[in-house]
Amino acid sequence: MSEQEQQQPVQDESHVIAERRSKLKAMREQGVAFPNDARRTHHAADLHKDHGEKPAEELEPQAIRVGVAGRMMLKRVMGKASFATIQDSTARIQLFVTKEGIGEDLYDAFKKWDLGDIVSAEGVLFKTKTGELSVKVDQLRLITKSIRPLPEKFHGLSDQETKYRQRYVDLIVSEETRKTFIARSKIVAAIRHFMLDNQFLEVETPMLHPIPGGASAKPFTTHHNALDMQMFLRIAPELFLKRLIVGGFERVFEINRNFRNEGLSVRHNPEFTMMEFYAAYTDYKWLMDFTEQCIRAAAIAAQGTATVMYQGREVDLAKPFERLTIVGAIQKYAPHYTLAQLEDVAFLRTELKKFGEEAMAHLGLGALQLALFEETAESQLWNPTYIIDYPVEVSPLARASDTHPGITERFELFMTGREIANGFSELNDPEDQAERFRKQVEAKEAGDDEAMYYDADYIRALEYGMPPTGGCGIGIDRLVMLLTDSPSIRDVILFPHMRPEA
RNA sequence: GGGGUGGUAGCUCAGUGGUAGAGCAGCGGACUUUUAAUCCGUUGGUCGAGGGUUCGACCCCCUCCCACCCCA
């Protein structure tokens with residue numbers, strides 16, 4: 001490269017990037033800078049699996065010829081021979097590159113290639129002095145120039161913000177991150193197989209809803225231009241899945257995104273993945289048994305065991321999940337309350353004020369008990385625990401108990417102090433459902449912006465007759481957090497929601 | 001919304017009211033079995049942004065932005 005060709009660094013770029021751009025410019029001048037005809041014959045992991053254990057005296061006479069490709073992650077250059085470590089999607093493999101093997105011109109060029117460049121190489125497998133399986137390279141190409149430098153090769157990327165905003169960089173340099181998302185894929189696949197094995201039909205229902213429904217949450221709104229109407233990103237697929245039960249698909253499930261226009265936290269992302277499933281001729285007790293098996297299957301798929309470690313503490317998914325009523329859970333985890341106190345509306349209101357709870361005047365006994373449960377017991381539910389007997393007033397889609405007035409046949413599943421699943425015997429009485437919707441509308445008009453809308457078509461569907469059905473939703477992100485030992489939901493979402501960069 | 005912690009070279013991090021540092025990466029050189037290669041030399045900074053205090057601010061004060069954690 002002549003003196004005249006040296007570029008001035010672009011204003012907002014580092015000299016490192018400017019240097020790499022000038023290398024790319026030189027490549028363009030010599031021909032195709034981004035060739036796409038490189039073909040690889042082997043992945044690194046397969047080479048290690050098939051040949052890694054062979055001693056040199058067995059391996060080298062075989063003269064096994066391989067073509068590999070990947071990103072150059074480490075490079076150790078010497079005068080006439082060098083080592084480079086490339087990384088493909090399966091593993092890393094070491095290249096032994098010599099002036100003798102590839103010729104002086106190419107060797108000199110190779111010395112200027114950068115970490116992060118994507119290369120292809122052909123050669124013969126051998127073992128180095130220290131016994132590392134390597135490729136003795138006789139063909140070598142730089143097939144994609146990397147203009148931006150990678151993070152520090154030993155410490156990697158530690159800045160959380162960059163890990164989330166530039167997940168592509170995080171994935172390049174962090175084996176942990178790659179493992180997390182590979183595990184996520186296995187977990188979702190295991191759940192899907194479990195459902196299919198149990199005669200569930202996988203379906204896809206709308207993400208754009210004319211009426212948001214199926215949960216108590218604030219929706220995102222959008223606008224359909226051609227129809228000139230407001231629409232909502234779904235907060236839950238529930239009401240559509242139950243329409244399918246009416247239609248005669250007796251077991252359905254959907255694994256897909258929900259959107260809720262609420263705050264962000266270590267366990268909330270505005271879009272998150274939920275599996276909902278519905279099975280006709282079952283009830284909430286059946287659902288609890290089934291959900292338990294499903295989660296156990298997912299754990300075994302991800303970790304090989306149903307006894308997992310989360311943040312240094314064991315979570316036992318192998319044992320039958322505990323079942324407690326709301327009041328029972330308070331009595332177990334906050335035993336200083338007497339049963340009489342827990343059934344005393346005035347006492348509960350006073351007690352909840354101490355926790356900073358406001359606007360409880362309209363809450364009935366069950367909702368007050370639930371609020372106290374959330375304050376005192378929820379965060380202590382480490383091992384999987386089903387909480388049952390949710391009050392009707394907070395369960396507008398759940399079937400009421402035939403024997404206990406005010407209570408629904410509903411459960412929520414908690415583990416590591418977090419809600420993981422929510423299920424119930426579905427309310428299939430259209431007149432009861434219509435009345436519940438009306439109460440929700442009243443609540444909405446009274447200022448509860450999480451209250452549900454009246455969905456007339458859903459009532460119409462129920463009027464055709466929905467068989468008795470059990471339905472449940474499992475928070476996939478939170479389950480993946482547990483099974484990958486991830487402290488934040490952002491660690492299990494590839495591109496978590498972030499404020500725009502300044 | 002409130003509280004805490006952080007933001008310094010491309011990356012990982014030190015730093016002190018008095019001229020801004022290291023390692024890695026980069027650049028130049030040596031080196032044919034390295035392993036975060038090594039050795040010699042070397043470039044690189046609006047210290048998150050904007051105000052203020054001060055003779056002098058990366059440091060102290062205020063406001064704001066972004067992130068992480070806790071709380072509501």
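Please read all numbers here as calculations on a predicted model, not as lab measurements. In what follows, every chain begins at residue 1, and chains take the letters A, B, ... in the order their sequences are listed.
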*Have a look at A:Lys129 and say if it touches a base, only the backbone sugar-phosphate, or nothing, with a 4.0 Å heavy-atom cut-off.*
base

*Are A:Gln94 and A:Ser134 linked by a side-chain donor-acceptor pair shorter than 3.5 Å?*
yes

*Quote, to the nearest angstrom, the C1' distance that separates B:rA49 from B:rC40.*
41 Å

*When the P atoms of B:rC68 and B:rU8 are considered, how many whole Å apart are they?*
16 Å

*Looking only at side-chain N and O atoms, does A:Lys153 come under 4.0 Å of OP1 or OP2 in B:rA36?*
no

*Take atom C1' in B:rA14 and the same atom in B:rG6, then report the distance between them in whole Å.*
15 Å

N/O contacts under 3.5 Å, protein versus nucleotides 26-29 of chain B?
{"residue": "B:rC27", "atom": "OP1", "partner": "A:Lys23", "partner atom": "NZ", "Å": "2.5"}
{"residue": "B:rG28", "atom": "OP1", "partner": "A:Lys112", "partner atom": "NZ", "Å": "3.0"}

_Heavy-atom side-chain contact between A:Leu115 and A:Met73 under 4.5 Å_ = no

*Check: A:Phe83 ring centre within less than 6.0 Å of A:Phe96 ring centre*: yes

*Please give the nucleotide sitting opposite B:rC60 as a Watson-Crick or G-U wobble pair, both distances under 3.5 Å, or none.*
B:rG52

*asked:* What I want to find out is whether A:Arg178 reaches A:Glu175 closely enough, with some N-O distance under 4.0 Å, to be called a salt bridge.
replied: yes

_Euclidean distance, atom NZ of residue A:Lys99 to atom P of B:rU33 [Å, nearest integer]_ = 14 Å

*When you get a sec, tell me which of B:rA25, B:rU34, B:rC24 is the closest nucleotide to the side chain of A:Pro149?*
B:rA25

*Who are the side chain to side chain contact (heavy atoms under 4.5 Å, CB included) partners of A:Ser89, not counting sequence neighbours?*
A:His43

_Under 4.0 Å, counting only non-hydrogen atoms across every strand here, what does A:Ser158 touch: a base, just sugar-phosphate, or nothing?_
sugar-phosphate

*Is it true that the NZ or CZ of A:Lys80 lies under 6.0 Å from the centre of A:Tyr107's six-membered ring and within 45 degrees of the ring axis?*
no

_Going by salt bridge (charged side-chain N to carboxylate O under 4.0 Å, His left out), name the pairs with one or both residues in residues 134-155 of chain A, residues two or more places apart or in two chains._
A:Asp37-A:Arg141, A:Arg65-A:Asp138, A:Asp114-A:Lys145, A:Asp117-A:Lys145

_Both A:Gly156 and A:Ala84 contact RNA chain B. Which one's nearest nucleotide lies toward the 5' end?_
A:Gly156

_A:Met78 CE - B:rA30 C1' separation (whole Å)_ = 12 Å

*Describe the nucleic acid contact of A:Leu74 in one word from base, sugar-phosphate, nothing, applying a heavy-atom distance below 4.0 Å.*
sugar-phosphate

*Given the P atoms of B:rG1 and B:rC58, what is the spacing between them in whole Å?*
31 Å

*Want to settle it: does A:Thr128 or A:Glu152 sit nearer the 5' end of RNA chain B, counting the closest nucleotide to each?*
A:Glu152

*Taking CE from A:Met73 and P from B:rC24, how many angstroms apart are they, rounded to a whole number?*
18 Å

*For a side-chain contact (heavy atoms from CB on, under 4.5 Å) with A:Ile387, tell me which candidate from A:Leu413, A:Leu381, A:Asn422 qualifies.*
A:Leu381

_Is the distance between the ring centroids of A:Phe373 and A:Tyr390 under 6.0 Å?_
no

*Looking at B:rG10, B:rC66, B:rU12, which one has an atom nearest to any side-chain atom of A:Arg499?*
B:rC66

*Using purine N1 to pyrimidine N3 plus N6-O4 or O6-N4 for Watson-Crick, or N1-O2 and O6-N3 for G-U wobble, each under 3.5 Å, what pairs with B:rU5?*
B:rA67

_Using the P atom as the point on both nucleotides, what is the distance between B:rC39 and B:rU34, in whole Å?_
15 Å

*OP1 or OP2 of B:rU34 sitting under 4.0 Å from any side-chain N/O of A:Arg76?*
no

*Check whether any side-chain heavy atom of A:Arg234 lies under 4.5 Å from a side-chain heavy atom of A:Asn258, and answer yes or no.*
yes

*Considering only the P atoms, how many Å lie between B:rG48 and B:rG15, rounded to the nearest integer?*
15 Å

*Report the distance from atom CG of A:Asp170 to atom P of B:rC11, rounded to the nearest whole Å.*
14 Å

_For B:rU46, give the paired nucleotide (Watson-Crick: N1-N3 plus N6-O4 or O6-N4; G-U: N1-O2 and O6-N3; both under 3.5 Å), or none._
none

*Complement of B:rG23, any strand, by Watson-Crick or G-U distances under 3.5 angstrom*: B:rC11

*Can A:Lys332 and A:Glu322 be counted as an ion pair, charged N to O under 4.0 angstrom?*
yes

*asked:* Please report the distance separating the C1' of B:rA9 from the corresponding atom of B:rG44, rounded so that it comes out in whole Å.
replied: 6 Å

*Pairing of A:Asp88 and A:Arg71 as salt bridge, 4.0 angstrom limit*: no

*In whole angstrom, give me the gap between the P atoms of B:rC70 and B:rC61.*
27 Å

_d(CD, A:Glu132; P, B:rA37) in whole Å_ = 11 Å

_Contact list please: residues 87-98 of chain A against RNA chain B, heavy atoms, distance less than 4.0 Å, in numerical order._
A:Gln94, A:Phe96

*Grab the CG-P distance between A:Asp159 and B:rA9 for me, whole Å please.*
11 Å

*asked:* Here's one to test your reading of the geometry: is the NZ or CZ of A:Lys75 within 45 degrees of the ring axis of A:Phe110 and under 6.0 Å from its centre?
replied: yes

If you restrict it to nitrogen or oxygen atoms, what contacts under 3.5 Å exist between nucleotides 68-72 of chain B and the protein, and what is each distance?
{"residue": "B:rC68", "atom": "OP1", "partner": "A:Arg490", "partner atom": "NE", "Å": "3.1"}
{"residue": "B:rC69", "atom": "OP2", "partner": "A:Arg490", "partner atom": "NH1", "Å": "3.3"}

_With no hydrogens and no angle check, just 3.5 Å: does a side-chain donor-acceptor pair link A:Tyr164 and A:Asp491?_
yes

*asked:* So if I apply the side-chain hydrogen bond (donor to acceptor under 3.5 Å, both in side chains) rule between A:His51 and each of A:His48, A:Glu53, A:Lys49, A:Lys54, which one comes out positive?
replied: A:Lys54

_Whether A:Glu262 and A:Lys218 form a salt bridge (side-chain N of Lys/Arg under 4.0 Å from carboxylate O of Asp/Glu) is what I want to check._
no

Write out a two-atom table: protein N or O, nucleotide N or O from nucleotides 45-50 of chain B, distance below 3.5 Å.
none

*In whole angstrom, give the distance that lies between atom CG of A:Asp108 and atom P of B:rA30.*
10 Å

